[in-house]
Amino acid sequence: MPRKCSVFPCSSNYNSEAVRTRTFAFPRDPQERERWRKALPNILQRVTDNMGVCVKHWPSDAPMVKKNSTERPINPPSVFNGVPSSCFVQNQDQDRQAEKRGVLSDARCGDIDEMDAFQLLDFLPAWESFRAEVKNSDVVSRHALNTAILNEDVYLFTLDKDGDLSVRIFVSPNFLIRAFKLHTPISVRDLLGFQPTLKRWSQLDAVVVRCKNSDANPQREVEAFVSRISDDIDSDSDLDPSLQFLIRQLSLTLVNRNNRRYDISLVRQSALLYLISSSAYSYLRKLLPLPHPRTLQLQLAGTGEVGTETDAADVIQSVFASLSGAQRNCVIMFDEMYIQPSVRYRCRHLLGRAVDDPDQVARTILAIMVKPLLGGKPFVVRLLPTYILSAEFLRKCVSQCIKAINNNGGRVVALVSDNHPTNRKCFALFSDGREKPWIGTDAAQESEFFMLFDFVHIIKCIRNNWQMEANGILRIQPPGADRQISAKWSDVVRLYQMEKDHVVKRTCLTHEACYPTSIQKTKVSLALQVLDERVAAALKCDGYSDTAEFIKTIVRFWKIVNCKNPDLHARLRDPDRRPVYSVQDESIQFLSALADSFDSTHCGKGRARHHSLTPETKSALVNSLRGACEMCEVLLSDPRISYVLLAVWRVSPNERRQLLCICGASAAQCSTPTNEVIRIP
């Protein structure tokens, strides 16, 4: 707590919310302390070590002395602006003599005091007379007050330009007074004297002046507004839910941030806003007291039921009702995410039961998302907690979504997932031994659909296969080349070791990119540090042409499949980032040639893998490239589609964050019973 100023009526440091003022403690030397005490206008009977004088009572150029690394004024305080003369100590050497002023004391006592008549007129009459006279009093006419009688109280008020109440004053029969500016109480105790009752007309005038000059407290006004609207809500049960949400937000602004509690309806509305746009939700949290995304995850994890097939169909029906004909062509993406099987709190233990095996605790969550074409907004269809996800169970869930989409006039163009063994087996079940394993069929849809592996996952697999090969060498014949090249991982490591201590570097290689751990191998950003144009250029300059040519080939492949903007090629002046307008485009021809190139290479596992990819990575890469080329041909045959962006067929980081937000440890059915249920289809 800052030291307060001892000079009357200075108020430095009396208001803890205002700006603090520097204050000097009284000197410890008794003589110097006495000099300071006598210099003050007010008399201090006793000076303690906690008392002081603020810097406002010295001139700006007052001489200072440094004591204990702190500057202090040398002279006592001498500046007392705003202090009335009556507060200064009066030094009189002689007694006052009335004879010198020509008025004797006896004669002066005989004169009539003019204040007596004013005092008599200023006193308020009895209550009944006051009620009758207040309407025609000078106070009411001077301040343009309106008067009324409410429950035996005299009610004085003023109206603003809009006709709303501004100043409100209540006087009770025992002359107790209550004053308000709008809905903010105004303290008038200091205007009434020792007794808190109204006795004079001048006191009433002073109360009115204070109310007019006072400012309303915003918090009080919001409380009154919320209270009034809450009464309207109780009387109107059909109020718009969006308006109820805003009213609830307004009431939460009055609560301390650490004491806010969110009911289940507010959490539900906030979760919908977050799923629409996480960046917009972050901006709204600066304006409204919305719960933190982590709070949404904990709240949704505490209650809920797993959505059924009917719930998924209802979601698809509601979304497809707002889509155009071309947008009903869509892609189904699914992924499996590991979760914590249980969460232990002080008061309870939450367990999530698996859908595929209700007797077991869920260890993963199967998330299924639908992404419509032509700018349609992607949405989550189902979140299924599972114990051990099997290919048959996965196919059943995906088939249910395909059926629901076709029942609502849609068509599934492709299925997209990562290169997990379960997903590969599921694709094999859909292809049913076809000659082209990237084409699948389902009984719920007449037309065929394509089955692709996520190119983001494939780019990580290529980097990992390259590094984990026994000799760190991959051999491939790039499209258009007349010989095989041998890409060596040691060349990349040698480049990093050579430049790691330099201030100016040609590449962005880091230690994590060259020596990744098991967790770091799953990060695509580290893989792209190696598979980068600058790394290829630096290796070519250093004489490692084969490794540079391999990285250049993979980089071109990544640019083509990572095209997300139709104008990006023009802005970056890079033709490889151009959308696919025709199957005769150079980019499609390159992808087809790259698939043939990898398909012609040898592959194997363990010791049998010699300078090549693993069979799983090779199959996923070749099938996805050929499937993407054929899918572009099918889509471009539709006159409503003018170009294809291949990056649309993968889950963006923003969508993955939305999935992780609602896939908490207890996204499955909570073992603790609850009255509120949030159904997540």
Side-chain angles (χ1 to χ4, degrees), residues 329-335 369-371 373 391 394-395 398-399 401-402 405 411-442 445-462 479 554 556-564 579-601 603 613-638 641 643-651:
N329 296 326
C330 57
V331 177
I332 295 180
M333 298 176 291
F334 51 90
D335 195 5
M369 176 181 285
V370 174
K371 208 165 190 178
L373 298 182
L394 177 58
R395 180 187 179 181
V398 175
S399 297
C401 296
I402 295 175
I405 291 173
R411 180 173 71 96
V412 176
V413 177
L415 304 180
V416 180
S417 71
D418 57 20
N419 193 20
H420 191 273
T422 304
N423 299 334
R424 293 198 301 267
K425 293 179 181 179
C426 178
F427 281 179
L429 293 176
F430 278 115
S431 64
D432 195 17
R434 290 173 175 268
E435 182 180 357
K436 296 181 178 180
W438 55 86
I439 295 179
T441 57
D442 188 80
Q445 179 171 302
E446 296 181 359
S447 59
E448 298 175 341
F449 50 82
F450 297 92
M451 297 178 294
L452 309 178
F453 295 101
D454 190 4
F455 289 119
V456 175
H457 187 80
I458 291 177
I459 204 75
K460 292 185 294 183
C461 291
I462 294 175
I554 301 301
R556 186 181 181 188
F557 151 72
W558 174 248
K559 287 181 180 179
I560 295 173
V561 300
N562 194 42
C563 181
K564 296 176 285 188
V580 178
Y581 288 92
S582 170
V583 292
Q584 304 301 327
D585 284 357
E586 186 179 353
S587 58
I588 293 296
Q589 298 299 326
F590 173 80
L591 294 181
S592 179
L594 185 63
D596 295 338
S597 177
F598 274 103
D599 192 21
S600 62
T601 59
C603 65
L613 300 175
T614 61
E616 295 80 11
T617 302
K618 173 185 173 181
S619 174
L621 176 60
V622 173
N623 293 341
S624 296
L625 288 176
R626 291 174 175 171
C629 294
E630 292 190 13
M631 185 176 61
C632 290
E633 182 179 1
V634 173
L635 292 176
L636 292 174
S637 63
D638 190 339
I641 300 177
Y643 61 85
V644 176
L645 298 174
L646 293 177
V648 173
W649 319 118
R650 65 182 181 88
V651 182

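In this structure, the side chain of S600 engages the main chain of S597 through a donor-acceptor pair within 3.5 Å. A donor-acceptor contact shorter than 3.5 Å links the side chain of S431 to the backbone of A428. In terms of modelled atom types and a separation under 3.5 Å, the side chain of K564 and the main chain of L645 share no donor-acceptor contact.
Within the 4.5 Å cutoff, the side chain of V456 has heavy atoms near those of the W558 side chain. In this structure, D432 and T441 have side chains that are not in contact, with every pair of non-hydrogen atoms separated by 4.5 Å or more. A 4.5 Å side-chain heavy-atom check between E448 and R434 finds at least one atom pair inside the cut-off. Using a 4.5 Å cut-off on side-chain heavy atoms (C-beta onward), N419 and R424 make contact. Inter-residue side-chain proximity for I439 and E630 is flagged as met; some heavy-atom pair is nearer than 4.5 Å. Side-chain contact between K436 and N623: absent, with no pair of heavy atoms (C-beta onward) separated by less than 4.5 Å.
A search for ring-ring contact (aromatic ring centres under 6.0 Å, His included) contacts involving F430 returns F449, not counting sequence neighbours. For the ring-ring contact (aromatic ring centres under 6.0 Å, His included) test, no residue two or more places apart in sequence or in another chain qualifies with F450.
Counting heavy atoms of neighbouring residues, nucleotides and ligands inside a 6.0 Å radius, atom CD of Q589 exceeds 12 of them.
Each of L452, N423, D442, V398 was compared with L415 under the side chain to side chain contact (heavy atoms under 4.5 Å, CB included) criterion, and only V398 meets it.
Note: K425 NZ to H420 NE2 = 9.5 Å, rounded to the nearest 0.5 Å.
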